[in-house]
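Following: one structure in structure tokens, then a few remarks.
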Amino acid sequence: MGEKEKKYDRQLRLWGDHGQQVLERARICLINVTATSTEILKNLILPGVGSFLILDGGRISGEDAGNNFFLDPSAIGQLKAKVATELLLELNPDVKGDYTEEDLNQLLDRNPQFFQCFTVIIASSLDVVTHKKLAALLWKHNIPLVTCYSYGFIGYMRIIVREHCVVESHPDNAHEDLRLLDPFPELVEYIDSIDLEKMDKKQHSHVPYLVILYKFLQAWKNEHGGQAPKNWKEKKLFKEKVLQGVRINEHGMQEDEENFEEASKQVNTALVESKIPENLQQIFNDAKCCNISENSTNFWILANGLKQFVQNNDKSSLPLRGSLPDMFSDSESYVKLQNIYKTKAKQDIDLLTSYIRDFGAVNGRLSDQEIKRFCRNASFLQVVRSRSLSEEYENASQSILDGLISEGDSDAIWYVMLRCVEQFYTNFSRYPGVKADDIDIDVTRLKNCVQELTRSWGVPGLVEAMSDDYVQEICRVGAAEIHSVASYMGGVAAQEVIKLITAQYVPIVGVYIYNGLKSTSVSLNV
């Protein structure tokens, strides 16, 4: 194992060598140095993100140094971006970093191309006007924007991405792709060549459960008009029949045959009908899948090839994954089965490749490994699309409105409060509660903001139904960042950024709210 493999061993188990390579090529732009944003960047530097640039022209104050581990108190008065960059780079010598003190609004107006070279943009503490301007630019170029900050005990994260395609979604409870209900010819030929009755004791007790299930499945079908066991009652009876296959010794006792017990336990997961998942059917029906050109991304080219694969075969089977789970078996039998599945998977990969020959496979856009990963994960493909920031601000999401109306103390109320804080800042150029003498006035002003926002959403009675505690809490914290909350949000946001970079695992769509007062959280489809 090389030094890099040792260094990143734990994360390589999550996203593999190819995921690490993508991460090491990624370029991150961080806008504004805050306790939350530097925690995000810390959690990207440690696993080895390629490079980062911090954009912030502000200088360190005593308040900044008090809640941010990457702003040294001895550096008060210096550029936040410079000091944070120097300290963050000490975490990982593999990572490159730089900073600029240019003004964000001037960059957006004079040099918008500046942002197009980054993989992901992370922003914190933006005013509404600048946030909308930045989000609109990145939306146009389909560059993900992750906005994250902490406000007292409340954490906020918003992911804005026009389209994000996920090949390796890593579902938690995926069934093995064994095809026992619709076996391919090579598998049938191999299993039919096995005669359980002629085996000696050792051979019989080491037959892979896959072979056992197929044998008993054929016997069941012969007795039930060609139908496999479907409901719970039938599967229970089928399991009993499998266990009856255990041999009886000369003393009238069952032999100790773990493979048959394993076969009985695997009935529910092994006898799974092949079908096209709903999420994959939606991808097939997508206009980007139907209308492929040389400008299409690799994902949509492969999705089109997969669609042709399904249409030109039996319309229900995807490319075989080609992997086998561990099972009780002798090595020779297991290796034979494994090679049969691998050979069939390779044939399916070659067939899908033939459908995309005109787009990418020939001119080098698509590597063999990329096509192989796509085929192995064909059942789990995901396309994530969020609403734009302008859509969110123009029309409130119905799911949020329903949640606010049905649940009086939902954490979604904190989303409302943070939206009102933005409006408060727009109106008064400061956050509520930052001046101790004005807290009572700010409570009234913030209530008015809540009333205006909820009235525009069509739920004018919400402010009366809400507890005053929410408004009081917002004004009490005075926009302070509590480092424990910032640290938690830094971990959450970095995790989502890595998902966006590697195109592995499914990122949160919309807004994530963390309530540090109750240690609860909620994801909102905004």
Side-chain angles (χ1 to χ4, degrees), residues 34 36 123-136 145-160 386-434 442-481 485 489 493 508-517 521-526:
T34 65
T36 305
S124 190
S125 297
L126 292 180
D127 63 81
V128 176
V129 174
T130 306
H131 194 195
K132 286 182 177 179
K133 190 187 299 185
L134 175 66
L145 170 62
V146 178
T147 303
C148 186
Y149 59 86
S150 57
Y151 199 101
F153 285 95
I154 307 303
Y156 170 97
M157 179 181 67
R158 168 76 154 101
I159 296 178
I160 305 170
S386 71
R387 290 212 302 168
S388 68
L389 191 65
S390 61
E391 289 174 313
E392 175 190 347
Y393 278 67
E394 289 170 6
N395 299 296
S397 167
Q398 191 59 46
S399 63
I400 288 184
L401 299 181
D402 293 342
L404 292 171
I405 294 170
S406 61
E407 300 179 46
D409 61 346
S410 166
D411 284 336
I413 290 178
W414 291 113
Y415 169 77
V416 178
M417 297 309 304
L418 293 175
R419 284 285 301 273
C420 293
V421 166
E422 292 177 338
Q423 188 58 49
F424 187 103
Y425 187 90
T426 301
N427 294 343
F428 304 104
S429 299
R430 64 176 179 84
Y431 291 106
V434 294
D442 288 353
V443 166
T444 302
R445 288 171 170 173
L446 189 58
K447 280 186 176 180
N448 291 336
C449 291
V450 175
Q451 202 159 28
E452 290 175 13
L453 180 65
T454 54
R455 186 184 295 116
S456 70
W457 286 355
V459 283
L462 179 63
V463 67
E464 288 78 11
M466 280 173 51
S467 169
D468 285 347
D469 292 345
Y470 293 98
V471 176
Q472 294 283 354
E473 176 64 18
I474 288 292
C475 293
R476 182 183 73 84
V477 299
E481 278 191 293
V485 178
M489 291 304 298
I508 294 172
V509 179
V511 166
Y512 173 85
I513 298 289
Y514 170 67
N515 180 356
L517 296 165
S521 62
V522 64
S523 296
L524 304 171
N525 186 8
V526 297

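Just so it is clear, the structure is predicted and the values come from calculations on it, not from any experiment. Numbers here are sequence positions counted from 1.
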Next item on the list: Would you indicate whether the side-chain heavy atoms of Glu392 and Arg419 approach each other to under 4.5 Å?
Entry: yes
Next item on the list: Drop me the distance from Ser521's OG to Ile154's CD1, to the nearest 0.5 angstrom.
Entry: 11.0 Å
Note to self: Here's a test for you: under ring-ring contact (aromatic ring centres under 6.0 Å, His included), which of Tyr512, Tyr151, Tyr470 qualifies with Trp414?
What the structure shows: Tyr470
Margin query: With rounding to the nearest 0.5 angstrom, report the CE to OH distance, Met417 to Tyr156.
Written below: 14.5 Å
Margin query: Can you confirm whether Phe428 sits close enough to Asp442 that some side-chain heavy atom of one is under 4.5 Å from a side-chain heavy atom of the other?
Written below: no
Item checked: Test item: Tyr415 and Arg158 side chains (from C-beta on) under 4.5 Å apart, heavy atoms -> no
Notebook entry, point to check: Going from CG on Leu446 to CD on Gln472, what distance comes out if it is rounded to the nearest 0.5 angstrom?
Noted result: 10.0 Å
Note to self: Any donor-acceptor pair under 3.5 Å linking the side-chain atoms of Glu452 with those of Asn448?
What the structure shows: no
Margin query: Is the shortest side-chain heavy-atom distance between Phe424 and Ile474 below 4.5 Å?
Written below: no
Check: Can you tell me how far the OG atom of Ser397 sits from the CG atom of Asn525, to the nearest 0.5 Å?
Finding: 5.0 Å
Item checked: Smallest separation among heavy atoms of Ser124 and Cys148, with atom names -> OG-O, 2.9 Å
Next item on the list: Apply the side chain to side chain contact (heavy atoms under 4.5 Å, CB included) test between Met157 and each candidate in Thr36, Ile508, Thr147; give the one that qualifies.
Entry: Ile508
Checklist line | Residues, nucleotides or ligands: over 12 heavy atoms within 6.0 Å of Tyr431 OH | finding: yes
Next item on the list: Decide yes or no for Lys447 and Val443: does some side-chain heavy atom of the first lie under 4.5 Å from some side-chain heavy atom of the second?
Entry: yes
Notebook entry, point to check: Can you tell if the side chain of Asn427 reaches within under 4.5 Å of the side chain of Arg445, non-hydrogen atoms only?
Noted result: no
Note to self: Restricting to non-hydrogen atoms, name the atom on Val526 and the atom on Gly510 that form the minimum distance, rounded to 0.1 Å.
What the structure shows: CG2-CA, 4.0 Å
